[in-house]
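Only a predicted model underlies this, so the values are computations on that prediction, with no experimental measurement involved. Whatever order the structure lists them in is the order used to number ligands and atoms, beginning at 1.
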Amino acid sequence: EAKSSGRGQIRYFNNAMRKKLKRQADIENDLQTGIKNQEFELYYQPIFSLNNPKVISFEALVRWHHPRNGLVSPMEFIPVAEQTGQIMELDLHLLRLAAKQLYAWQCEGMLTRVTVNVSSRHFASLDFVKYIHQLYEDYDLKMGSLSLEITESGLIENLSLATKIIKGLEPMGVKLYLDDFGTGYSALGYLHQLPIHVIKIDKSFVDQLTNRANPLVDAILSLARSLDLDVVAEGIENPKQWALLKRKGCQFGQGYLVSKPLPKEEAYRFYQEYEHQEEAHL
Ligand code: C2E
Ligand code: MG
Ligand code: MG
Ligand code: MG
């Protein structure tokens with residue numbers, strides 16, 4: 001009895017495992033053609049100043065319209081692309097998409113900023129600086145209109161080279177956001193050793209801010225103040241979280257309370273309808 005149900009579990013496990021591996025193989029095989037066939041689309045989620053409140057920029061978040069599997073979440077394919085190294089090509093493709101979009105918006109009089117998520121693997125060669133510089137030239141980007149987000153989960157091995165790269169980006173006004181702050185192992189070491197400009201408090205901390213303050217959020221905010229870094233809180237879903245963060249001195253935020261990530265046309269409409277701030281801020 002126990003034995004057969006055990007076997008059933010193994011069969012169930014094997015099936016689930018096989019499905020997962022199949023999906024990973026699909027992702028790996030289809031990513032290249034996906035780039036070529038323009039299957040990737042960027043959505044844009046507004047980032048707000050919590051005081052005024054005004055839209056100050058957008059975070060670009062990728063969506064994959066897979067021909068057979070439908071809409072695939074970045075939570076699924078980004079880790080696979082990281083594993084296989086395909087993330088390098090994908091990120092460069094998406095950076096170009098974001099730059100094109102910024103140019104199109106600039107032409108329509110929408111002067112905004114976009115942050116793009118990139119793998120920390122790019123911080124291992126000065127070619128990355130050249131690539132970003134080229135984007136600024138090709139799309140006539142306003143200083144500071146394109147910035148970058150990295151998570152600390154991807155370990156940067158050569159910190160002095162990474163520092164050189166970040167410094168090389170600064171003349172264009174490119175800021176470096178440290179994403180999912182507080183969830184990795186080395187956050188404090190990174191803050192100390194890399195010239196980061198902004199930290200993003202991870203949603204998991206904001207989630208805990210429902211009825212009372214959270215000492216960890218206080219600690220992150222006071223750390224940011226003493227290092228002179230701006231802070232964006234991610235995943236704000238209710239007004240209480242907004243009010244608490246604002247009261248604690250967090251300047252910026254994003255989350256479903258204000259808006260989900262939007263397709264470019266909707267992001268444009270959103271920007272027109274809401275108060276926004278055009279001066280470089282973040
Ligand atoms: P992230 O950069 O930390 O992005 C925040 C994620 O939280 C996004 O999920 C966003 O849609 C979601 N989010 C924002 N506000 C709320 C909220 O109020 N409630 C909830 N429940 N969720 C919220 P998404 O778009 O699925 O992206 C997941 C992760 O995939 C991102 O986390 C980022 O690490 C990665 N990613 C997304 N786009 C790209 C990309 O273009 N390139 C790279 N390398 N990674 C990307
Ligand atoms: Mg991000
Ligand atoms: Mg984040
Ligand atoms: Mg996060």
Review point. In ligand 1, which numbered atoms sit nearer than 4.0 Å to a non-hydrogen atom of G255?
Key: 15 (N), 18 (O)
Point to revise | Residue selection (non-hydrogen contact nearest atom 45 (N) of ligand 1) among I78, I150, N238 | key: I78
Study note, to complete from the structure: Looking at E149, the N/O/S atom that lies nearest to the Mg ion (ligand 2) is called OE1
**Study point:** Heteroatom proximity flag, L94 to ligand 1, N/O under 3.5 Å
**Key:** no
Check your understanding: Counting N and O atoms only, with roles assigned by atom type, does the side chain of S73 sit under 3.5 Å from a partner on the main chain of M75, one being a donor and the other an acceptor?
Key -> yes
Review point. Where does the angle between the aromatic ring planes of Y271 and F58 fall among parallel (under 30°), tilted (30 to 60°) and perpendicular (over 60°)?
Key: tilted
**Study point:** the Mg ion (ligand 2) contact by Y177, N, O or S atom under 2.8 Å
**Key:** no
Exercise for review: Check the pair K246, Q251 against side-chain hydrogen bond (donor to acceptor under 3.5 Å, both in side chains), reporting the backbone distance first and the verdict last.
Suggested key: CA-CA 7 Å; K246 182 175 146 183; Q251 309 115 299; over 6 Å; no
**Study point:** Sequence-distant partners of F128, ring-ring contact (aromatic ring centres under 6.0 Å, His included), two or more places apart
**Key:** H122, F123
Check your understanding: CG/L95 to CD1/I132 distance, rounded to the nearest 0.5 angstrom?
Key -> 4.5 Å
Point to revise | Closest heavy-atom pair and its distance - I165, A124 | key: CD1-N, 3.7 Å
Exercise for review: Side-chain contact test, heavy atoms from C-beta onward, threshold under 4.5 Å: evaluate it for M110 versus H276 and give yes or no.
Suggested key: no
Check your understanding: When you measure from the Mg ion (ligand 2) to each N, O or S atom of E59, which atom gives the shortest distance?
Key -> OE2
Review point. Are D202 and S204 close enough, and set up right, to give a side-chain hydrogen bond (donor to acceptor under 3.5 Å, both in side chains), and what steps lead you there?
Key: CA-CA 5 Å; D202 191 64; S204 56; 2.7 Å; yes
Check your understanding: Does atom CG of D228 have more than 12 heavy-atom neighbours, drawn from other residues, nucleotides or ligands, at distances under 6.0 Å?
Key -> no
Practice item. In sequence, state the C-alpha distance, the side-chain angles, and the governing distance for Q45 and E59, and then conclude on side-chain hydrogen bond (donor to acceptor under 3.5 Å, both in side chains). Key: CA-CA 5 Å; Q45 185 177 38; E59 177 178 9; over 6 Å; no
Practice item. Would you indicate which of L148, L42, L61 comes nearest to atom 8 (C) of ligand 1 when only heavy atoms are counted? Key: L61
Exercise for review: Please confirm whether K203 comes under 4.0 Å of ligand 1, counting heavy atoms of the residue only.
Suggested key: yes
Review point. What part of K200 sits under 4.0 Å from ligand 1 if we count only heavy atoms: the side chain, the backbone, both or neither?
Key: neither
Check your understanding: Heavy atom under 4.0 Å from ligand 1: found in D179's side chain, backbone, both, or neither?
Key -> side chain
Revision key, fill the gap. Quick note on ligand 1: atoms under 4.0 Å from a heavy atom of P261 include exactly 11 (O)
Revision key, fill the gap. So for K260 against ligand 1, with non-hydrogen atoms under 4.0 Å, the contacting part is neither
Point to revise | Numbered atoms and elements of ligand 1 in range of N117, under 4.0 angstrom, heavy atoms | key: 2 (O), 39 (C), 40 (C), 42 (N), 43 (C), 44 (N), 45 (N), 46 (C)
Check your understanding: Between K100 and Y103, is NZ or CZ placed under 6.0 angstrom from the six-membered ring centre and within 45° of the ring axis?
Key -> no
Review point. Any idea which atoms of ligand 1 are less than 4.0 Å away from a heavy-atom of E59?
Key: 2 (O), 4 (O)
Review point. What atoms in ligand 1 come closer than 4.0 Å to a heavy atom of D180?
Key: 3 (O)
Practice item. Measure across S145 and L102 and return the closest heavy-atom pair with its distance rounded to 0.1 Å. Key: O-CD1, 3.5 Å
Study note, to complete from the structure: Restricting D179 to its N/O/S atoms, the closest one to the Mg ion (ligand 2) is OD2
**Study point:** salt bridge (charged side-chain N to carboxylate O under 4.0 Å, His left out) partners of residues 76-92, not counting sequence neighbours, each pair once
**Key:** R23-E76, E82-R121
Study note, to complete from the structure: Taking only non-hydrogen atoms of E237 and a 4.0 Å limit, the atoms of ligand 1 in range are 17 (C), 18 (O), 19 (N), 20 (C), 21 (N)
Revision key, fill the gap. Under 4.0 Å between heavy atoms, the region of D91 that gets near ligand 1 turns out to be side chain
Exercise for review: Enumerate the atoms of ligand 1 whose separation from the nearest heavy atom of I87 is less than 4.0 angstrom.
Suggested key: 44 (N)
Check your understanding: Which is closest to atom 29 (C) of ligand 1 in terms of heavy atoms, H93, M75, R63?
Key -> M75
**Study point:** Contact check: Q45 vs ligand 1, nitrogen or oxygen atoms, below 3.5 angstrom
**Key:** yes
